[in-house]
Undergrad: 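Below: one structure in structure tokens.
A, B, ... follow the sequence lines: proteins, then strands. Residue 1 opens every chain. Atoms considered below: every heavy atom in the structure, side chains included; atoms not considered: hydrogens, waters and symmetry mates. Every value quoted in this text rests on a predicted model; they were computed, and no experiment measured them.
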There are 2 protein chains.
Amino acid sequence: MNISDVAEVSGLPPKTIRYYEDIGLVRPARSSNGYRVFQANDLHKLTFLSRSRALGFSIEDCRTLLALYEDEGRASSEVREIAQRHLAEIARKIADLQSMQDTLTHLIKTCAGNDRPDCPILDDLSRT
Amino acid sequence: MNISDVAEVSGLPPKTIRYYEDIGLVRPARSSNGYRVFQANDLHKLTFLSRSRALGFSIEDCRTLLALYEDEGRASSEVREIAQRHLAEIARKIADLQSMQDTLTHLIKTCAGNDRPDCPILDDLSRT
DNA sequence: CCTTGACCTTCCAGCAACTAGAACCTTTAT
DNA sequence: ATAAAGGTTCTAGTTGCTGGAAGGTCAAGG
């Protein structure tokens with residue numbers, strides 16, 4: 001399989017796949033003309049990466065998860081711990097965003113949004 | 001005021017303040033020794049930036065908001081529109097994160113997290 | 001056989017918003 | 001006099017790609 005086929009199946013852009021090779025996440029073989037040749041195993045890895053990234057795991061987490069995925073002797077607790085840490089991080093981000101959301105919602109409600117200059121949003125942003 | 005005093009009052013690290021000068025958000029005067037000298041107006045701007053950034057506005061949004069803040073003839077609708085767009089973006093991000101959160105929570109629940117290798121998390125990540 | 005177009009390759013640059021660190025200068029206190 | 005604590009500039013690194021240029025390869029049509 002050539003890169004654009006793999007891109008279609010895995011859901012990752014060709015550029016991203018090349019980048020993943022650059023940083024050592026996959027090592028596709030090369031044919032005599034220099035083209036990358038992807039085997040079933042490469043495709044599995046890329047699909048795995050695509051899904052892991054979609055769940056928000058960092059590249060370094062993905063690297064670790066991929067190694068565990070390939071390690072038949074892994075302990076599921078290792079995987080679970082990574083997922084748990086990531087989940088905690090997500091919860092933190094959601095909380096941050098919700099706090100912004102609350103503040104902004106309130107400010108927007110109190111702002112007339114007309115052609116006059118008085119603006120509670122700016123007032124809040126400049127409050128000391 | 002020197003940079004570290006301004007940093008303390010505004011809540012922004014000195015490095016960030018220098019960076020904001022680099023990209024033209026503030027233009028503090030210089031004293032004869034080359035040190036930046038911050039006036040009340042600079043401080044107001046930096047506080048404004050600190051708070052805007054804390055609400056998640058992009059630097060470019062901050063630039064626009066700052067210009068509106070300084071423009072006595074602004075229309076509050078301009079401010080409101082920027083805030084509204086930003087709020088929509090925040091809502092989108094929260095939705096994305098919550099979707100990840102839901103998936104991960106479920107997966108973590110179903111994973112034993114022991115020393116055995118079978119792991120529903122990896123199973124899910126590698127599902128085609 | 002030649003050309004065209006769709007592939008593929010590498011490499012370099014840039015995005016956001018800082019941050020770390022090096023090398024150096026100035027001020028302040030002892 | 002000197003040492004610590006500030007200030008300065010500069011370069012480069014972070015994360016995870018993405019765009020574009022310059023060029024090689026391959027399959028189909030005239």
Undergrad: Send over the distance from Met1(B) CE to dG7(D) C1', rounded to a whole Å.
TA: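 From Met1(B) CE to dG7(D) C1': 16 Å.
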Undergrad: In plain terms, say whether Arg127(B) and Asp124(B) are close enough for a salt bridge, that is, a side-chain N and a carboxylate O under 4.0 Å apart.
TA: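 A salt bridge is present here (some side-chain N lies under 4.0 Å from a carboxylate O).
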Undergrad: Are the charged groups of Lys93(A) and Asp96(A) less than 4.0 angstrom apart, N to O?
TA: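 So Lys93(A) does not pair with Asp96(A) through a salt bridge.
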Undergrad: Rounded to whole Å, how long is the line connecting atom CG of Leu46(B) with atom C1' of dC18(C)?
TA: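 Between C1' of dC18(C) and CG of Leu46(B): 15 Å.
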Undergrad: Using atom CG of Asn2(B) as one end and atom P of dT27(C) as the other, report the distance to the nearest whole Å.
TA: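 These atoms are roughly 10 Å apart.
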Undergrad: Is the phosphate of dC26(D) approached by Asn33(A) (side-chain N or O, under 4.0 Å from OP1 or OP2)?
TA: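 Looking at the OP1 and OP2 atoms of dC26(D), one of them is under 4.0 Å from a side-chain N or O of Asn33(A).
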Undergrad: Look up atom NE2 in His44(B) and atom OG in Ser10(B), then write down how far apart they are to the nearest 0.5 Å.
TA: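 Between atom NE2 of His44(B) and atom OG of Ser10(B) there are 12.0 Å.
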Undergrad: For Arg80(B), what residues pass the salt bridge (charged side-chain N to carboxylate O under 4.0 Å, His left out) criterion, not counting sequence neighbours?
TA: none
Undergrad: Need one value for Pro14(B): base, sugar-phosphate or nothing, where a base atom within 4.0 Å counts as base even if backbone is also close, heavy atoms only.
TA: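 Nothing: the residue Pro14(B), judged by heavy atoms under 4.0 Å, touches no strand.
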Undergrad: Whole-Å distance between dC26(D) P and Asp5(A) CG?
TA: 15 Å
Undergrad: Quick one, which residues of residues 17-32 of chain B touch DNA chain C with a heavy atom under 4.0 Å?
TA: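 Only Tyr19(B), Tyr20(B) qualify.
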Undergrad: Hey, mind stepping through Arg92(B) and Glu89(B) against salt bridge (Lys or Arg N to Asp or Glu O under 4.0 Å) and telling me if it holds?
TA: CA-CA 5 Å; Arg92(B) 205 190 49 68; Glu89(B) 184 63 16; 2.7 Å; yes
Undergrad: Side chain of Tyr35(A) only, please: which of dC7(C), dT26(C), dC17(D) is the nearest?
TA: dC7(C)
Undergrad: Phe57(A) CZ to dT15(D) P: how many Å, rounded?
TA: 17 Å
Undergrad: Are Leu66(B) and Val9(B) connected into the same hydrophobic cluster when the rule is that any two of I, L, V, M, F, W, Y join if their side-chain heavy atoms are below 4.5 Å apart?
TA: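 Yes, it is one cluster - the side chains of Val9(B) and Leu66(B) are joined through contacts under 4.5 Å.
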Undergrad: For dG7(D), does either OP1 or OP2 sit under 4.0 Å from a side-chain N or O belonging to Arg36(B)?
TA: no
Undergrad: Pick the closest DNA chain C nucleotide for Val37(A) and for Pro13(B) by heavy atoms, then say which residue is nearer the 5' end.
TA: Val37(A)
Undergrad: Specify the separation, in whole Å, of atom CD1 of Ile3(A) and atom C1' of dA6(C).
TA: 15 Å
Undergrad: Please check the phosphate of dG16(D) (OP1 and OP2 only) for any side-chain N or O of Thr16(A) closer than 4.0 Å.
TA: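 So the side-chain polar atoms of Thr16(A) never come under 4.0 Å of the phosphate oxygens OP1 or OP2 of dG16(D).
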Undergrad: Roughly, in whole Å, what's the span from CD in Glu60(A) to P in dC17(D)?
TA: 12 Å
Undergrad: Under 4.0 Å between a side-chain N/O of Ser58(B) and OP1 or OP2 of dA16(C), yes or no?
TA: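 It does not, given that no N or O in the side chain of Ser58(B) lies less than 4.0 Å from OP1 or OP2 of dA16(C).
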Undergrad: Distance criterion of 3.5 Å, no angle test: do you see the side chain of Lys15(B) paired donor-to-acceptor with the base of dG21(C)?
TA: yes
Undergrad: Pair Glu21(A), Arg18(A) - check salt bridge (Lys or Arg N to Asp or Glu O under 4.0 Å), show working.
TA: CA-CA 5 Å; Glu21(A) 183 185 10; Arg18(A) 291 193 192 101; over 6 Å; no
